[in-house]
Amino acid sequence: MTDVLAPDSLESESMFVFREVAAEFERPVILFSGGKDSIVMLHLARKAFAPGAVPFSLLHVDTGHNFPEVLAYRDATVEALGLRLEVASVEDYLADGRLRERSDGTRNPLQTVPLLDAINTHRFDAVFGGGRRDEERARAKERIFSLRDEFGQWDPRNQRPELWSLYNGKHKPGEHVRVFPLSNWTELDVWNYIARESIELPSIYYAHQRDVFERDGMLLAVGPYSQPRDGETVERRVVRYRTVGDMSCTGAVASTAASPAEVVVEVAASELTERGATRADDRVSEAAMEDRKREGYF
Amino acid sequence: MSTAENTLAQHADAAETGHAKADLEQLAQRQLLRLATAGSVDDGKSTLVGRLLHDCKAILADQIAHVQTVTASRGGARGTGGDFDFALLTDGLRAEREQGITIDVAYRYFATDKRSFILADCPGHVQYTRNTVTGASTADVVIILVDARHGVLEQTRRHLAVAGLLRVPHVVLAVNKIDLVGYDQAVFKGITKDVTQLADQLGITDIQAIPVSALIGDNVVDRSPATSWYTGPTLLEFLENASGRSDLSAQPLRFPVQYVIRPQTNDQYRDYRGYTGTVASGTITVGDPVIVLPAGRRTTVAGIDRAIVTPTSTAVAERPSAVAGEAITVRLTDDLDVARGSMIVATQGSPRIRRELSATVCWLSDRPLTVGARVLIKHTTNSAQAVVTEIVGALDLDTLGVIDTTQLALNDIGKVQLKIAAPLAADPYSSNTVTGSFLLIDPHDGSTLSAGMITDHQPASLDEHLEVPVPIGS
């Protein structure tokens, strides 16, 4: 470790994780949302198997409230790389009554059921997620290989010890393993790597003009799924997104950063965490993420 | 909105601006240090970690606001009545916050101008050895907390033993709550003497004692005026200057093969056959003679590749060599049967091929280990069946000697003999932490039973395994 620089060390660790899963599991899949973490994850997977193809398909749990730019990016990526994409659609579940719309309008928590159904239907035994431990306090407890029971549940009190780089992926039929190759990356590491590797992202990660209104200290985009209420005024502002989840619960930040390098500078100086700044779904309760993860959320 | 505003060409131009460039370069030059904490319940580990993160400015405004709100809603900080409960920065689970304890290892990230840190925040409470072993197995530094009022406890001995067994390069003894003993130098000296004696017996060579008060912040990031008798580094100064894991690149080459790449459908690479993996130790160079184990075949490194990926294409570029820690792809001159579980090694100082192992294990399961137990062993990229043929003894934490026993229970550290169903290329843990470590796994439910470190120390003999090469189809 002595002479290995942080970005190289993180890259090597992630590539090692991808290769372990490819070798030891039968039906792995990469959760791909078109967000920056899943894009970096796919980039690392491509590196791990070059010049061969990525030996995994992609799975997107589509809430129906996604940014159009992100869906366009997703489809272009799948096309360009010749990958197979499965889509689990929250909209389908709402249409036939298997799920009901929440009173707060956010659809992120609704993703759990379609995700678990897709895992069962396709018999996926390893599911890569782009989650990072620096994102949130419950995620800080997550292993790189995280065993889920037949209901997809995470039991934080009964996790396997994770020793050296010996990842234990053994599981019984019906169980699966969530794998987080970016566990040890921070938001700044991700942006530093995006800059270093010239990785293309959906345009909404960089400064652009958008009609927004302020709610709970966040700048929400005016769109089909989020409209200002009485007393909330719409302004045209220069903003960008730090995380890309649902349009209904993801806030923009005021920013003029138009390049990865400028974003690195901005993130390094930020006074707010990534999720604290822009994610309404994490503010629901003190343990919102933990509760969702226990149920099978990523 | 206009996507044209966001083309990568413009991004590249923007990167030329001085401020951004300097920052990127500084980031790219940072090295990573991995550390773990250990200590008994109520020694103040969570408070120390919270203090370290807070004073390194790794805690952002929304996290601080959150802690202030929760602290206030609970009537003040634990044990102090202050308005900021540092432990809330790290205790992430609902039950941890409700019970005021840390349940499982949490990983924290912070950085200074000099370094990036990954901190494994290990609880001292539930299944403590398991958690400490988890954190310490990858750590460059282990911080062991001792309450200045209580001195060395059984868990202090246990944590020191684990740090010694795992050969953690540096141990920091944080003598915490030094304010509660009136910043008394004699108390600090007494505990330091006790721990240093134990450390000597356990073979720990680098130990730094620091008097701290996590609650007040004495000697964590800022030097304390109340301990003018202490001239050593603050905790952060020590962490910024500690060297990383003993240099595995100085050891002979070990390259466990993870996965074989054969992109047959790709015209340009139709005949490509590459062996991927991470260099466990040593240096691998194009043209080097090497041996593929366990078969024992000699061959030569034909190429070392690293990936080149663009938005639409994937290719590889050759490079002359690679060192320990790098994830690469290796090509060989001969078409041998090389697969996951094979190990490519140096012709000098090659590892032994073993079907029997002597090892020290940390038993991590509720079910005790007895002689005759059938287990799975996971060693580098190999998995095989194994049988426990002997339990030699268990470590007595009071005397640090080995006592006779017929079984190992949860949290025991013991010496065992294993017989393995397939040959493994292995080194003693003392010379190579990657090829000397293994897991024992329950074959029925897949749970991890133990961490293992190979102890037998016979000299490696190249001739021994080359005498019985397994002929395979080349």
Side-chain angles (χ1 to χ4, degrees), chain A residues 1-2 4-7 9 12 15-16 19-20 22-23 43 46-47 49-53 80 133-134 137-138 140-141 156-157 159-164 166 168 170-172 184 186 192 195-196 198 200 203 206 208-210 258-262 264-265 268 271-273 276-277 286-287 290, chain B residues 1 3 5-6 8 10-11 14-15 19-20 23-24 27-28 30-32 60-63 92-94 103-104 106-107 109 116 118 130 133-134 137-138 140 243-245 247 258-259 261 263 266 269 272 276 278 307 309 311-312 314-316 325-327 340 364 378 437 439 441 446 448 451:
Chain A
M1 286 273 155
T2 325
V4 181
L5 301 177
S9 170
S12 289
M15 287 168 67
F16 179 84
R19 291 163 173 175
E20 283 300 286
H43 182 88
R46 293 174 66 208
K47 279 205 162 187
F49 302 101
R133 289 173 179 148
D134 79 321
R137 52 188 173 269
K141 300 269 170 184
R157 281 174 178 265
Q159 300 191 78
R160 286 178 181 166
E162 203 151 85
L163 304 152
W164 299 288
L166 292 167
N168 176 6
K170 293 268 181 252
H171 59 283
K172 291 183 277 192
N184 284 325
T186 64
N192 185 34
R196 185 180 98 162
S198 302
E200 287 186 5
S203 53
Y206 303 109
H208 58 278
Q209 293 206 352
R210 192 177 279 268
S259 71
E262 288 174 6
V264 167
V265 173
E271 293 284 312
L272 293 175
T273 64
E286 213 189 302
E290 178 185 349
Chain B
M1 57 167 290
T3 52
E5 288 169 11
N6 289 304
L8 278 170
Q10 284 184 335
H11 300 160
H19 180 45
D23 208 284
L24 275 173
L27 266 175
R30 271 188 201 157
Q31 290 177 5
L32 203 55
L60 300 180
D62 53 313
Q63 293 168 311
L93 300 173
R94 187 188 292 281
I103 287 172
D104 204 343
Y107 294 86
Y109 303 83
S116 299
I118 299 177
R130 178 167 117 161
V133 173
T134 294
S137 69
T138 53
D140 304 306
S243 59
R245 276 239 166 221
D247 200 352
Q258 269 190 294
Y259 187 83
I261 292 176
N266 181 333
Y269 294 101
Y272 187 92
T276 69
T278 297
V309 300
T312 54
T314 309
V316 289
E326 292 190 87
R340 178 173 173 83
L364 309 172
K378 188 171 171 78
S437 55
L439 304 182
I441 293 170
T448 301

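Every chain is numbered from 1, with letters handed out A, B, ... down the list of sequences.
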J.: Hey, is the main chain of A/Phe16 close enough, under 3.5 Å, to the side chain of B/Gln258 for a donor-acceptor pair?
T.: yes
J.: For residues B/Gly446 and A/Asn168, report the shortest heavy-atom separation together with the two atoms involved.
T.: O-ND2, 2.8 Å
J.: Between A/Ala80 and B/Pro311, what is the shortest heavy-atom contact and its length?
T.: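 Looking at all heavy atoms of both residues, the shortest contact is CB-O, 4.4 Å.
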J.: With sequence neighbours excluded, tell me which residues meet ring-ring contact (aromatic ring centres under 6.0 Å, His included) with B/Tyr269.
T.: B/Tyr272
J.: Taking every heavy-atom pair that is under 4.5 Å apart, which of A/Ala22, A/Ser12, A/Gly52, A/Pro51 has the most such pairs with chain B?
T.: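 Most heavy-atom pairs under 4.5 Å with chain B: A/Pro51.
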J.: Working to the nearest 0.5 Å, report the span between OG1 of B/Thr314 and CZ of A/Phe49.
T.: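 Answer rounded to 0.5 Å: 12.0 Å.
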J.: Could you give the distance from OG (B/Ser116) to CG (A/Asn184), rounded to the nearest 0.5 Å?
T.: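 So the OG of B/Ser116 and the CG of A/Asn184 are separated by 11.5 Å.
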J.: Between A/Lys47, A/Arg46, A/Gln159, which residue shows the highest count of heavy-atom pairs closer than 4.5 Å to chain B?
T.: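 Highest number of pairs under 4.5 Å: A/Arg46.
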J.: Side chain to side chain contact (heavy atoms under 4.5 Å, CB included) for A/Glu20 and B/Arg340? Distances and angles first, verdict last.
T.: CA-CA 10 Å; A/Glu20 283 300 286; B/Arg340 178 173 173 83; 2.9 Å; yes
J.: Whether B/Arg130 and A/Glu162 form a salt bridge (side-chain N of Lys/Arg under 4.0 Å from carboxylate O of Asp/Glu) is what I want to check.
T.: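 Salt bridge between A/Glu162 and B/Arg130, a charged N being under 4.0 Å from a carboxylate O: no.
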J.: Relative to chain A, which segment of B/Ala451 carries a heavy atom at a distance below 4.5 Å: side chain, backbone, both, or neither?
T.: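 Answer is both: backbone and side chain atoms of B/Ala451 are under 4.5 Å from chain A.
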J.: How many angstroms lie between atom CZ of A/Arg19 and atom CD1 of B/Ile261, to the nearest 0.5 angstrom?
T.: 6.0 Å
J.: What distance separates A/Asp134 CG from B/Tyr107 OH, expressed to the nearest 0.5 Å?
T.: 14.5 Å
J.: NZ of A/Lys170: more than 12 outside heavy atoms within 6.0 angstrom?
T.: no
J.: Evaluate side chain to side chain contact (heavy atoms under 4.5 Å, CB included) for A/Leu163 paired with B/Leu364, printing each intermediate quantity in order.
T.: CA-CA 11 Å; A/Leu163 304 152; B/Leu364 309 172; 3.9 Å; yes
J.: What's the shortest heavy-atom distance between A/Ala50 and B/Ala315, and which atoms?
T.: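 Result for this residue pair: CB-O, 3.8 Å.
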J.: Find the distance between CH2 (A/Trp164) and OG (B/Ser437) and round it off to the nearest 0.5 Å.
T.: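 With rounding to 0.5 Å, CH2 (A/Trp164) is 5.0 Å from OG (B/Ser437).
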